[in-house]
Amino acid sequence: MRFSKLLIPTLKENPSEAEAISHKLMMRAGFVRQLAAGLYIYLPLGWRVIEKINRIIREEMNTIGGQELTLPLLHPAELWQETGRWHDIGDEMFRLKDRGGRDMCLGMTHEEVMTWLASKEIRSYRELPQIWYQIQTKLRDEARPKSGVLRTREFLMKDSYSFDIDESGLEESYRIHEKAYRKIFSRCGLKFYMVESDPGIMGGGMSHEFMAPSPAGEDEITLCDNCGYGANIEIARAIPLIPKFPSWKLEEVETPEKRTIEEVTSYLNIAPEFFIKSIMVMGEDGPVLALVRGDQTLHEKKLKKIIGNFRPAHRDEVKELLGVESGFIGPMGHNIRKIADSSLKEGVYVSGSNKEGYHTKGITPTRDFKAEYFDIHITKEGEGCPSCSKPLRIEKAIEVGNIFKLGIKYSIHLKANYLDEKGEERPIVMGSYGIGPARIAASAIEQNHDQNGIIWPQSISPFQAHILPLNSKDPKTTDVSERIYSGLESNRIEVLIDDRDERAGVKFKDADLIGIPYQIVIGEKNLKEGMVEVKERRSGEKRRFKVEDMAGMISFFRK
RNA sequence: CGGGGCGUAGCGCAGCCUGGUAGCGCACACGGUUCGGGACCGUGGUGUCGAAGGUUCAAAUCCUUUCGCCCCGACCA
């Protein structure tokens, strides 16, 4: 295609609102524009990238027997009421009424509608398994849209749903999705990990996330380079590092006005890992004291799984329960329920004495107080891998895909049943699987760029080659450029020709920004020798072709 | 929803503290020179200073309200 005929509004400067690299570059290279918070317009180049990604997704989904269809994104409320999510999901769902006053919502995902369809159309075990998918817009009233295209209120998602007769069927559907996902992300040129994740409000059993490592990512994942264990930090387990404990005897020490771990640490000159941090929370069944080591951070989601919903205790509640301000509370001498991090089973510690101005030194948890032990701290870099005990690494990552074993939650609510061989009615066993094409594009940029701009992986680049006729006033330049352009086009190589009457510098800068992997540079110097130059965007490596060597160029781009 | 920041020309910004009727760079239009890494010279157009209300002889500037956008946190199928 011709640059002069395409809308490619490149920007010299970074837009003030962009922070993430992918956001800046997508804006600057003219791939997207922002309409409002979390709402993006895909310009021709951006849309070509998304379509490239979608094509790869379709190919791989079809390979595992997926059938593409498309569902409405305006849904009747009843469906969501039947599964309970109308109530469970809060402000994140866009809700509206139609003219007849009926409650409706905009689909933030499509389990309900897909299950509804299955309930209507699947009768017999003979019709299973099925995999249905769509590439469809999702709408979520995000609390905080951010990082450009990474977290938006309206976005495209490939969502597929598997329908099986039993758990082992689901196991197989899950497994082939994993395989397809690995191929999709590899083909898109991404570096990624598959990690264990929290199924959250999806319900059901196991789930995994596909994570593209990037500093722009919102998630943190723990990884073991030794055995391959990987998990979202929200659920990551780890073996804490155990320090060498001193042999203190139990005694009270005066710590006037020293409340925080930092203050007491420096006052007593004892490292934070020898402290017990006591955090008072108010649960549904009363107060709970959460105990973690001084160098650890309480993981609220882990605690929530154990005690249910809770909130931090107010200052006066702490005082009422323990008779002392929160700076001096500790685990001893009271009957409040205590949840302690497993690492506290060993060692000897300092903690608050529940007495103004005092801490107790020499506390041996299993001896001096009763607690329930769980992993409730946030996994830290260097802690031991739960499966092989080698040190864990933590990386930031972008969630580009996920796979869930839903089980029968949705089938039961929406009566999606089938008749088995014995004529008995059974709920269909389901899985659901998502991929965000825009996040793939953004991750690809996050992982492949330099100071000059984007460096697209060949497979998802908007074009394969970018012809740069450096001096468009030179007839020979334009003649050769046009010949190469039509030669490549007629051989179905996607090529962008910069036919604008611009200076060479401008064309080079824009080409580097846009990031097409190969630039065919047509300049007068090389033409004098009957040559043109093909430059690789990533390495800057150049190779020359004879002007007449169309076949050579074609096979180069076909490789 | 809590904390912070920012709204001035198409884009990036200055001016605001200390009120006096709006400016710089880029972009854009025209002419000329230039032409393998975002050229140069000249000429020219461009603004409800986010919106509403208030204070004042006078408001981009001070006060109040409100809307929008970004960042941190909470939240996140």
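Chain A is the first sequence line, chain B the second, and so forth, proteins listed ahead of strands; every chain is numbered from 1. Fair warning: this is a prediction, and the values are worked out from it, not measured in the lab.
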*asked:* Nearest whole Å is fine: how far is A74(B) P from Asp219(A) CG?
replied: 12 Å
*Roughly how many Å is it from CG in Asn471(A) to C1' in A39(B), rounded to a whole number?*
14 Å
Expected rows: protein N/O vs nucleotides 30-34 of chain B N/O, under 3.5 Å:
{"residue": "U34(B)", "atom": "O2", "partner": "Arg503(A)", "partner atom": "NH1", "Å": "2.5"}

*Looking at the side chain of Phe508(A), which of C69(B), G38(B), G36(B) is the nearest nucleotide?*
G36(B)
_Position toward the 5' end of RNA chain B (nearest nucleotide), Glu300(A) or Pro145(A)_ = Pro145(A)
*Is Gln34(A) touching bases, backbone alone, or none of the nucleic acid, heavy atoms closer than 4.0 Å?*
sugar-phosphate
_Students often get this wrong, so: under 4.0 angstrom with heavy atoms, is Ser147(A) touching a base, only sugar-phosphate, or nothing?_
sugar-phosphate
*What residues, two or more places apart in sequence or in another chain, satisfy ring-ring contact (aromatic ring centres under 6.0 Å, His included) together with Phe155(A)?*
none
*asked:* What's Arg28(A) touching, base or sugar-phosphate or nothing? Going by heavy atoms closer than 4.0 Å.
replied: base
_Rounded distance in Å between the C1' positions of U56(B) and G44(B)_ = 38 Å
_Checking His377(A) now: which residues fulfil ring-ring contact (aromatic ring centres under 6.0 Å, His included) with it, not counting sequence neighbours?_
none
*Roughly, in whole Å, what's the span from CG in Leu527(A) to C1' in G36(B)?*
12 Å
*Sticking with atom C1', work out how far A22(B) lies from A9(B), rounded to a whole angstrom.*
11 Å
*Euclidean distance for P, U65(B) against G3(B) (whole angstrom)*: 14 Å
*Please state how far atom NE2 in His466(A) lies from atom P in G36(B), giving the value in whole angstrom units.*
17 Å
*asked:* Can you see whether Trp456(A) has Arg538(A) sitting over its ring - NZ or CZ less than 6.0 Å from the centre and within 45° of the normal?
replied: no
*Would you classify Glu112(A) as touching base, sugar-phosphate or nothing, given that sugar-phosphate means primed atoms plus P, OP1 and OP2, and contacts are heavy atoms under 4.0 Å?*
nothing
*Out of C70(B), G38(B), G36(B), which nucleotide sits closest to the side chain of Leu470(A)?*
G36(B)
_Spacing of Asn526(A) atom CG relative to G36(B) atom C1', expressed in whole Å_ = 10 Å
*Checking only heavy atoms, does the side chain of Asn452(A) share a donor-acceptor pair with the base of G37(B) at less than 3.5 Å?*
no
_Once you apply a heavy-atom cut-off of 4.0 Å, does Ala36(A) come out as touching a base, just sugar-phosphate, or nothing?_
sugar-phosphate
*asked:* In terms of relative ring orientation, are His75(A) and His110(A) parallel, tilted or perpendicular, with 30° and 60° separating the classes?
replied: perpendicular
*asked:* When the C1' atoms of A51(B) and A59(B) are compared, how many Å lie between them, rounded to an integer?
replied: 15 Å
_Under 4.0 Å, counting only non-hydrogen atoms across every strand here, what does Asp510(A) touch: a base, just sugar-phosphate, or nothing?_
base
*Tell me which nucleotide among C71(B), C69(B), G36(B) gets nearest to the side chain of Lys146(A).*
C71(B)
*asked:* Go through it in stages, so that I can follow the logic: the residues are Phe545(A) and Phe556(A), the test is ring-ring contact (aromatic ring centres under 6.0 Å, His included), and I'd like the CA-CA distance, side-chain angles, deciding distance and then a yes or no.
replied: CA-CA 10 Å; Phe545(A) 286 89; Phe556(A) 177 81; 5.7 Å; yes
*For nucleotides U43(B) and U48(B), find the distance between their C1' atoms and express it as a whole number of Å.*
28 Å
*Counterpart residues, ring-ring contact (aromatic ring centres under 6.0 Å, His included), relative to Tyr193(A) (two or more places apart)*: none
*Tyr433(A) and Tyr161(A): ring-ring contact (aromatic ring centres under 6.0 Å, His included), yes or no, with the steps?*
CA-CA 6 Å; Tyr433(A) 316 86; Tyr161(A) 303 83; 7.9 Å; no
*Whole-Å distance separating the NZ atom of Lys12(A) from the P atom of G37(B)*: 15 Å
*Expressed in angstrom and rounded to an integer, what is the separation of Glu92(A) atom CD from C75(B) atom P?*
12 Å
*Is there a Watson-Crick or G-U wobble partner for C62(B) with both distances under 3.5 Å, and which nucleotide is it?*
G54(B)
*Using the P atoms only, state how far U8(B) lies from U61(B), rounded to an integer number of Å.*
14 Å
Distances under 3.5 Å between nitrogen or oxygen atoms of protein and nucleotides 1-12 of chain B:
{"residue": "G12(B)", "atom": "OP1", "partner": "Ser16(A)", "partner atom": "N", "Å": "3.2"}
{"residue": "G12(B)", "atom": "OP1", "partner": "Ser16(A)", "partner atom": "OG", "Å": "3.3"}
{"residue": "G12(B)", "atom": "O2'", "partner": "Glu13(A)", "partner atom": "OE2", "Å": "3.3"}

*What pairs with Glu533(A) under side-chain hydrogen bond (donor to acceptor under 3.5 Å, both in side chains), at least two apart in sequence or on another chain?*
Asn526(A)
*Quick one: label Leu513(A) by what it contacts on the DNA or RNA (base, sugar-phosphate, nothing), any heavy atom closer than 4.0 Å.*
base
*Given atom CD of Glu234(A) and atom P of C75(B), what is their separation to the nearest angstrom?*
9 Å
*With a non-hydrogen cut-off below 4.0 angstrom, is Asp512(A) in contact with a base, only sugar-phosphate, or nothing?*
base
*Worked verdict on Tyr518(A) versus Phe557(A) for ring-ring contact (aromatic ring centres under 6.0 Å, His included)*: CA-CA 9 Å; Tyr518(A) 291 99; Phe557(A) 285 106; 5.7 Å; yes
If you look only at distance, which donor and acceptor atoms sit under 3.5 Å apart when one is on a side chain in residues 34-42 of chain A and the other is two or more places apart or in another chain?
{"residue": "Gln34(A)", "atom": "NE2", "partner": "Tyr40(A)", "partner atom": "OH", "Å": "3.0"}
{"residue": "Tyr40(A)", "atom": "OH", "partner": "His23(A)", "partner atom": "NE2", "Å": "3.1"}

*With sequence neighbours left out, what residues match Asp91(A) under side-chain hydrogen bond (donor to acceptor under 3.5 Å, both in side chains)?*
none
*List in chain and number order the residues that pass salt bridge (charged side-chain N to carboxylate O under 4.0 Å, His left out) with Glu529(A), two or more places apart in sequence or in another chain; answer none if no residue qualifies.*
Arg544(A)
